[in-house]
Amino acid sequence: MLILNKTAGVFFKPSKRKVYEFLRSFNFHPGTQFLHKIVLGIETSCDDTAAAVVDETGNVLGEAIHSQTEVHLKTGGIVPAVAQQLHRDNIQRIVQEALSASRISPSDLSAIATTIKPGLALSLGVGLSFSLQLVGQLKKPFIPIHHMEAHALTIRLTNKVEFPFLVLLISGGHCLLALVQGVSDFLLLGKSLDIAPGDMLDKVARRLSLIKHPECSTMSGGKAIEHLAKQGNRFHFDIKPPLHHAKNCDFSFTGLQQVTNKRIMKKEKEEGIEEGQVLSSAADIAATVQHTMACHIVKRTHRAILFCKQRDLLPQNNAVLVASGGVASNFYVRRALEILTNATQCTLLCPPPRLCTDNGIMIA
């Protein structure tokens, strides 16, 4: 806790008066007896300010979220200092909305849970500082939450999933494969050696200037790639999946991004346009990148399934693969994973889209 308090002091410390006024704003009568323990979850690891109130049976009593996507689209990516300020501007309102929706008084909470890692340090600091102030005022237990563990276990809110199961977490900031053997028992099988797949898609979308494309101007990079890919020929360009001969379950996406950038430069010269203009072949490039990324993800996941089954870490039949994170919402990637699980006698489970991306529910 000493480290957490130091972190909180560096980044953002709301005044005791503000926290006191925040608590006084609730009109609910404290001291109500509840049958189940109730937890407030707070998430600020990247660019979404989120909070939720969940009871120990998994019932979501209230939630709220503020997305920064529109702001970061204008800057071409997430600027940590900007994300930090937006979290500061919105965290009190979001927590208040979640509590108000739940009809739970802050004094009736059993505990406060907050993401402490991994993520953007400046963003994490805002949620952590706010939470520690609440914990101090309310004299409630504080539960530090690992962001990726929360993603991995979210499926148990919506589906009856027994341990062990395999989880694939693919998003804009993370990429890993792990065997989930218990609530806090994870065996890491593979991770990205460089950037995350969502980050790669965002960078390719920026290089293609898709924000200037009339159909993609309000979409994030990943959504723009997925949208345009439907109109393109995935075999128009030949790009080999990364780590083709590596005998492990790790991922790599930097090479795919660099090869794609070279293809874009070549096409710009062929079409006689400058960087910043939209290529006529943008849809073909989007389709190729998405297809290559999906193939890479599926091949590494296949290796993980085989490894776990050979060592009896997963059941031979009806083993469960959980795919979560923003990239897991990509329909093409999900369909590729369905083909894999059908071929390996596994079951693919994905949380609903709103729980695939960052949210307060998974933290609570």
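What you see below is based on every heavy atom in this structure, not just the backbone, and it leaves out hydrogens, waters and symmetry mates. Position 1 is the first residue of the sequence; numbering continues from there.
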Peer 1: I'd like to know if Glu97 pairs up with Arg93 as an ion pair, taking the criterion as any Lys NZ or Arg NE/NH1/NH2 lying under 4.0 Å from an Asp or Glu carboxylate oxygen.
Peer 2: yes
Peer 1: Can you name the residues that form a side chain to side chain donor-acceptor pair (under 3.5 Å) with Asn330, not counting sequence neighbours?
Peer 2: Gln290
Peer 1: Kindly write out the residues that satisfy side chain to side chain donor-acceptor pair (under 3.5 Å) with Lys203, not counting sequence neighbours, or none if the list is empty.
Peer 2: Asp199
Peer 1: Run through Gln92, His66, His87 and flag the one making a side-chain hydrogen bond (donor to acceptor under 3.5 Å, both in side chains) with Thr49.
Peer 2: His87
Peer 1: Restricting to side chain to side chain donor-acceptor pair (under 3.5 Å), what partner residues turn up for His213, sequence neighbours left out?
Peer 2: none
Peer 1: So which residues get pulled into Leu176's cluster when ILVMFWY side chains under 4.5 Å apart are joined, directly or through others?
Peer 2: Met148, Leu153, Ile155, Val161, Phe163, Phe165, Val167, Leu169, Val180, Val183, Phe186, Leu188, Val320, Val322, Leu349
Peer 1: Side chains of Thr57 and His36: any donor to acceptor distance under 3.5 Å?
Peer 2: no
Peer 1: Output every pair passing salt bridge (charged side-chain N to carboxylate O under 4.0 Å, His left out) with a member in residues 341-354, not counting sequence neighbours, ordered by first then second residue.
Peer 2: Glu63-Arg354
Peer 1: Salt bridge check, Lys269 against Glu274: does any charged N sit closer than 4.0 Å to a carboxylate O?
Peer 2: no
Peer 1: For the residue pair His244 and His296, is the inter-centroid distance of their aromatic rings smaller than 6.0 Å?
Peer 2: no
Peer 1: Could you verify whether a donor N or O on one side chain and an acceptor N or O on the other, from Gln277 and Ser209, lie under 3.5 Å apart?
Peer 2: no
Peer 1: Salt bridge (charged side-chain N to carboxylate O under 4.0 Å, His left out) with Glu215: which residues, sequence neighbours excluded?
Peer 2: none
